[in-house]
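What follows is a set of notes on a single structure, which appears directly below.
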Amino acid sequence: MNMTKFTLWIDMISSYKRKGLVKDELGDGEKRYVDELVGFVEASIGRMVPVMTPEMQEGNILRICTEEYGELPVDRDGFKGEIPDIKGMIAFSPFEYYIQRKLFIHNMGHVNKHTFYLRRP
């Protein structure tokens, strides 16, 4: 049986740094196991969460609504072995280029919105 083991990280600490932090706590045999078989995969989630109106919260004040978004961009280079077929997961390499593009487009949208707002008559 071919089993893929990976850990998915969704935050601003790079998976390479995280892998080092994990390995610092392991013995030599465990470190070899991690190096050979465990992937540390970065991911980026870009869902928008609207301000919740009382009507949206009705029945559960902890309810959270998000935009429909079916993609999970991940770092292709973080996997060991086969990349699992997960609905909506898209593997990019180099992942840093994807992140920079996402930040540029996202921030550019905010700048454009504010620029148009400031130019209103």
* Asked: Under 6.0 Å from the CZ atom of Arg119, do we count more than 12 heavy atoms belonging to anything else shown?
  ->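 12 or below, so no.
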* **Over 12 foreign heavy atoms within 6.0 Å of CD1, Ile90** =>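 For Ile90, atom CD1 is crowded (more than 12 foreign heavy atoms under 6.0 Å).
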* Atom OH in Tyr33, atom NZ in Lys23: separation rounded to 0.5 Å? ->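 The NZ atom of Lys23 is 14.0 Å from OH of Tyr33, to the nearest 0.5 Å.
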* Asked: How long is the gap from CZ on Phe40 to CG on Asp77, to the nearest 0.5 Å?
  ->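 The CZ atom of Phe40 sits 15.5 Å away from the CG atom of Asp77.
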Least distance between heavy atoms, [X] atom then [Y] atom:
| X | Y | value |
| --- | --- | --- |
| Pro84 | Met89 | O-CE, 3.2 Å |
| Arg76 | Ala91 | NH2-O, 3.1 Å |
| Lys31 | Leu26 | CE-O, 3.1 Å |

Heavy atoms, side chains only, cut-off 4.5 Å: are [X] and [Y] in contact?
| X | Y | answer |
| --- | --- | --- |
| Gln57 | Arg63 | no |
| Met56 | Thr53 | yes |
| Glu42 | Val74 | no |
| Thr115 | Tyr117 | no |

* Lys80 with Asp35: basic N within carboxylate O range, under 4.0 Å -> no
* Asked: What class does the angle between the rings of Phe92 and Phe95 fall in, given that below 30° is parallel, 30 to 60° is tilted and above 60° is perpendicular?
  ->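 Tilted: the ring planes of Phe92 and Phe95 meet at 30° to 60°.
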* Asked: Got a sec, which hydrophobics cluster with Phe116, joining ILVMFWY side chains under 4.5 Å apart, including via others?
  -> none
